[in-house]
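Have a look at the structure below, then the notes.
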Amino acid sequence: MANSKYEYVRNFEQPDPLLPNTWLVVRIDGRGFHKLSAKYGFEKPNDRRAIDLMNAAAASVMKDLPDIVIAYGVSDEYSFVFHKSCTLFERRESKLVTTVVSTFTSYYVHLWSSYFTNVPLSAPMPSFDGRAVMYPTDHNLRDYLSWRQVDCHINNLYNTTFWALILLGGMGATEAEKELMGTYSSDKNEILFSRFKINYNNEPEIYKKGSVVIRDYELVEPKKSTAAVDSPGMAEQESSDAERGISAQLSKTQQEKERKRREKARITVQHIDIIKDEFWQRRPWLLSNKPGKIPKEI
Ligand code: ATP
Ligand code: ATP
Ligand code: MG
Ligand code: MG
């Protein structure tokens, strides 16, 4: 770029690198989706079209950004996880956050008509905010994702009961809210079953568990351990992570090779438990970031 007397203004830009060797989570959330869901007549409590659209946009983001290891979504939010060793955009916070937010938003708007046929979008257009959070250990990252999945369960049980009281029980919103005030999970299960013959356990997994987007590699048989169930897989993972820290970065060619393998993998959306050890033990590529084996086409 040519030098000019104006060039100095660049010095006003603030550097914003995120810490090295930490998990990066970019969480996006729809702006004013309570209102937006009313405007486009989302079915309550769960509009399947809206969830499928969120998932399709998230899968496209993962395809465009091979550095994303896993994404988890519920309602109008999605969390995108970048590996500790990720060096995309030199880990600059605003580059990472704004790229995820705008890529997601573009796909959301682009794919809208495939999921909401004959429901044209009109201003104000859907938009999303975003933030980045750093998590220093694998344990912290797993707790973060567990927090989101537990939140999904709690909210879904509440919303399912709340809307059953309204749609099937004929209550008003205020009355239903009052009815649920101070109730525990067991009370809500009981209300659903005794009044509406709904067994919450039989509700679709997509609503109860949220959506997990990952690259599809062959599952690994978890190692059998005879000792305490202190997940030996995790301990191994921690040490291999340390090896891949700042002191032992992969060579550029190795990085490129792995990126290509990641790009080749199919992206899947699943509605499964990500809290238990089993999910992580069977998918060691998530914590290690070493791409797994591509399953053979059947
Ligand atoms: P903010 O801008 O602060 O995020 P918001 O209105 O988006 O405000 P959230 O707390 O993010 O509020 O909640 C999202 C809302 O979007 C939910 O309350 C719910 O009403 C609606 N919503 C999102 N996804 C769906 C869906 N698949 N089906 C039905 N409603 C949905
Ligand atoms: P980064 O992803 O780091 O932002 P970049 O390739 O987008 O990389 P910028 O520094 O943002 O780089 O520069 C934008 C570049 O886009 C310009 O150098 C110019 O070549 C090109 N460009 C932008 N607008 C136009 C336009 N209207 N016509 C032709 N070229 C354009
Ligand atoms: Mg929102
Ligand atoms: Mg939200």
Side-chain angles (χ1 to χ4, degrees), residues 25-61 71-81 97-98 100-133 144-168 171-181 188 192 198 200 203-213 269-272 274:
V25 176
V26 174
R27 182 170 74 252
I28 59 136
D29 185 285
R31 178 169 180 237
F33 265 45
H34 185 71
K35 215 166 162 187
L36 183 135
S37 65
K39 175 178 169 188
Y40 295 106
F42 284 15
E43 267 174 47
K44 292 294 178 179
N46 291 300
D47 188 292
R48 184 59 199 260
R49 300 165 299 176
I51 297 176
D52 288 343
L53 171 57
M54 289 289 292
N55 293 345
S60 300
V61 169
Y72 176 76
V74 50
S75 181
D76 67 339
E77 71 165 62
Y78 241 101
S79 299
F80 295 93
V81 178
V97 174
T98 56
V100 170
V101 168
S102 69
T103 309
F104 187 93
T105 308
S106 296
Y107 279 115
Y108 190 92
V109 170
H110 176 65
L111 296 168
W112 173 272
S113 60
S114 309
Y115 294 88
F116 288 86
T117 41
N118 305 317
V119 188
L121 273 176
S122 59
M125 286 288 148
S127 60
F128 294 82
D129 66 39
R131 74 199 64 184
V133 186
Y144 169 80
L145 291 166
S146 300
W147 172 53
R148 296 324 302 141
Q149 193 164 46
V150 166
D151 220 55
C152 167
H153 164 73
I154 293 170
N155 288 335
N156 190 57
L157 177 59
Y158 182 93
N159 290 338
T160 306
T161 319
F162 177 79
W163 284 99
L165 288 170
I166 292 174
L167 299 172
L168 306 171
M171 280 188 186
T174 325
E175 201 185 341
E177 206 177 308
K178 237 173 110 189
E179 184 85 14
L180 292 178
M181 212 178 278
K188 295 185 191 80
L192 283 173
I198 296 171
Y200 183 75
E203 287 293 293
E205 293 297 305
I206 188 170
Y207 304 149
K208 288 188 296 185
K209 297 273 192 326
S211 300
V212 183
V213 192
V269 182
Q270 300 174 48
H271 317 290
I272 51 179
I274 55 173

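When reading the values below, keep in mind they use all heavy atoms of this one structure, side chains included, and skip hydrogens, waters and symmetry mates. Read the numbers this way: they start at 1 and go in the same order the structure lists the ligands and their atoms.
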Which heavy atom of the protein is the closest neighbour of [atom], given with residue, atom name and distance?
| atom | result |
| --- | --- |
| atom 31 (C) of ligand 1 | F42 CD2, 3.8 Å |
| atom 11 (O) of ligand 1 | D76 OD2, 2.9 Å |
| atom 5 (P) of ligand 1 | F33 N, 3.4 Å |
| atom 22 (N) of ligand 1 | S75 OG, 4.1 Å |
| atom 4 (O) of ligand 1 | D29 OD1, 2.8 Å |
| atom 15 (C) of ligand 1 | H34 N, 3.8 Å |
| atom 28 (N) of ligand 1 | D47 N, 2.9 Å |
| atom 19 (C) of ligand 1 | K44 NZ, 3.6 Å |

Sub-3.5 Å N/O-N/O distance, N46 and ligand 1: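 Among all N and O atoms of N46, none is under 3.5 Å from an N or O of ligand 1.
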
Check: G32 N/O within less than 3.5 Å of ligand 1 N/O: yes

[X] [atom1] to [Y] [atom2] distance, which is reported to the nearest 0.5 Å:
| X | Y | atom1 | atom2 | answer |
| --- | --- | --- | --- | --- |
| L53 | H110 | CG | NE2 | 11.0 Å |
| S113 | L121 | OG | CG | 8.0 Å |
| I206 | C152 | CD1 | SG | 10.0 Å |

Considering the heavy atoms of [X], write down every atom of ligand 1 situated less than 4.0 Å from one of them.
| X | result |
| --- | --- |
| R31 | 2 (O) |
| E43 | 28 (N), 29 (C) |
| A50 | 27 (N) |
| I51 | 27 (N) |

Side-chain donor-acceptor contact under 3.5 Å, D29 with Y78: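 There is no such pair between these side chains.
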
Trace of the ring pair (Phe, Tyr, Trp, His ring centres under 6.0 Å) decision for W112 with Y40: CA-CA 11 Å; W112 173 272; Y40 295 106; 4.8 Å; yes

Verify atom 2 (O) of ligand 1: protein non-hydrogen atom under 4.0 angstrom away: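 It does: a protein heavy atom is found less than 4.0 Å away from atom 2 (O) of ligand 1.
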
Worked check of side chain to side chain donor-acceptor pair (under 3.5 Å) between N159 and N46: CA-CA 9 Å; N159 290 338; N46 291 300; over 6 Å; no

Sub-4.0 Å heavy-atom contact, P45 with ligand 1: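 In this structure, P45 qualifies as a contact of ligand 1 - some heavy atom is under 4.0 Å.
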
Non-hydrogen atom of R48 closer than 4.0 Å to ligand 1: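 For ligand 1, residue contact (heavy atoms, under 4.0 Å) with R48 is absent.
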
Pair E205 + K208, salt bridge at N-O below 4.0 Å: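 Looking at E205 and K208, the cut-off is met.
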
Pair E43 + R49, salt bridge at N-O below 4.0 Å: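 Salt bridge flag = no for R49 with E43.
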
Residue pair F42, F116: steps toward the ring pair (Phe, Tyr, Trp, His ring centres under 6.0 Å) verdict: CA-CA 10 Å; F42 284 15; F116 288 86; 5.4 Å; yes

Ring geometry between F128 and Y108 (parallel below 30°, tilted from 30 to 60°, perpendicular above 60°): perpendicular

Heavy atoms from other residues, nucleotides or ligands near NZ of K44 exceed 12 (cutoff 6.0 Å): yes

Heavy atoms from other residues, nucleotides or ligands near CZ of R31 exceed 12 (cutoff 6.0 Å):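 Atom CZ in R31 is not packed in, count stays at 12 or less.
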
Protein N/O/S atoms closer than 2.8 Å to the Mg ion (ligand 3):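 Listed by chain and number, the atoms are D29 OD1, G30 O, D76 OD2.
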
Side chain K209, main chain P204, donor-acceptor under 3.5 Å: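 Such a contact is absent between K209 side chain and P204 backbone.
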
Y144 and R27: CA distance, side-chain angles, deciding distance, side chain to side chain donor-acceptor pair (under 3.5 Å) verdict: CA-CA 11 Å; Y144 169 80; R27 182 170 74 252; 3.1 Å; yes

